[in-house]
Amino acid sequence: MTTHENRSDIAFGEWDGNTAAARELQMRLAEKVVLADDFGALKLIAGVDVGFEDGGKITRAAAVLLDAETLEPLAQALARIPTRMPYIPGLLSFRELPAVLQALDALGQMPDLIFADGHGIAHPRGLGIAAHLGVITGLPTIGVAKKILTGQHAPLGERRADQVDLLDKGGKFIGTVLRSKEKVRPLIISPGNRVSLMTAPELVMRFVTRYRLPEPTRLADRLASRRDEKRAVVQPALDR
DNA sequence: GCGACAG
DNA sequence: ATCTTGTCGC
């Protein structure tokens, strides 16, 4: 069976506007998240991200597979499908995962770890898009977000790799605020599935090169948002 | 009731 | 996320 079969839940049916049902499903799935390092040698890693076309009518998901050792891109895939649901804070995964799963399937090979753009368990109900993706695929995942959705933290240092815990109201450790590079806003890292809170930021730093984002999500982001096209395309009708 | 609010 | 050019600072 393909990755997106056998799931007749709300995430893949038509969006009926029932946010309450979606939140209930999140709470049930959050119980299945494994917050322990449960993965073998990392040979293949992947990054996934989503962008939109035509004012939001089309959801465009990108998946990039890379060699965990050399960080060389080995394969990439795009999935473009009609957007089914609006953006609702806290319910992002229901809007983006259908396309993400298609892109992952198109990759042909499943990675040993997936980095997703967005939060893992650092979410109001413990199931951000990275955690949702991890539970659904059964694969290890890590959430790499650019902004906090929920939680607080102490002041963060200025140097590369400096980090502080992200705590929910109640003081529970739910993620890490990480300065991936000097002079850039920190990333918010949280486990998605089968990765511990301590290990998640380590793995992110392992794949950060000279940019703010680690290679997996940086490359997926470029594909999803068409950064490459916009950069490579020469302006026609301008040279006259 | 008021403010916050991933992408 | 996306709409959008040049511009200021490291």
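Note that the coordinates shown come from a computational prediction; the quantities given were computed from them, not determined experimentally. Naming: A, B, ... by sequence-line order, numbering from 1 per chain. Hydrogens, waters and symmetry mates are skipped; everything else that's a heavy atom, side chains included, is used.
- To the nearest angstrom, P of B/dC5 lies 9 Å from CD1 of A/I148.
- For the residue pair A/T141 and A/N193, no side-chain donor N or O sits within less than 3.5 Å of a side-chain acceptor on the partner.
- Within the nucleic acid shown, A/I188 has no heavy atom closer than 4.0 Å to any nucleic acid atom.
- Checking the phosphate oxygens (OP1, OP2) of C/dT2, a side-chain nitrogen or oxygen of A/S225 falls inside 4.0 Å.
- To the nearest angstrom, C1' of B/dA6 lies 12 Å from CD1 of A/I174.
- Distance from the side chain of A/K183 is smallest for C/dC10 among the nucleotides C/dA1, C/dC10, B/dC5.
- Spacing between atom CZ of A/R95 and atom P of B/dC5 amounts to 19 Å, rounded to whole angstrom units.
- Between A/L127 atom CG and B/dA6 atom C1' there is a gap of 13 Å when expressed in whole angstrom units.
- Regarding A/R84, its CZ atom lies at a distance of 21 Å from the P atom of C/dA1, rounded to whole Å.
- A/G128 comes within 4.0 angstrom of a nucleotide base, judged by non-hydrogen atoms across all strands.
- Among the heavy atoms of the strands lying under 4.0 Å from A/Y87 is at least one base atom, whether or not backbone atoms are also near.
- Ranking B/dG7, B/dC5, C/dA1 by closeness to the A/R227 side chain, first place goes to C/dA1.
- A/G90 comes within 4.0 angstrom of a base, heavy atoms only.
- With respect to the salt-bridge test (charged N to carboxylate O, under 4.0 angstrom), the residues A/D49 and A/R222 do not qualify.
- The NE2 atom of A/H123 sits 11 Å away from the P atom of B/dA6 (whole-angstrom rounding).
- At the heavy-atom level, A/L187 lies nowhere under 4.0 Å from the strands shown.
- At whole-Å resolution of the value, CD in A/E53 and P in B/dG7 are 20 Å apart.
- Going from atom NZ of A/K146 over to atom CZ of A/R212 covers 7.0 Å, rounded to the nearest 0.5 Å.
- Note: CG (A/L149) to P (B/dG3) measures 19 Å, nearest angstrom.
- A/R125 contributes no side-chain N or O that, together with a main-chain N or O of A/M27, makes up a donor-acceptor pair within less than 3.5 Å.
- A/D165 places no side-chain N or O within donor-acceptor distance of the main-chain N or O of A/L167, the cut-off being under 3.5 Å.
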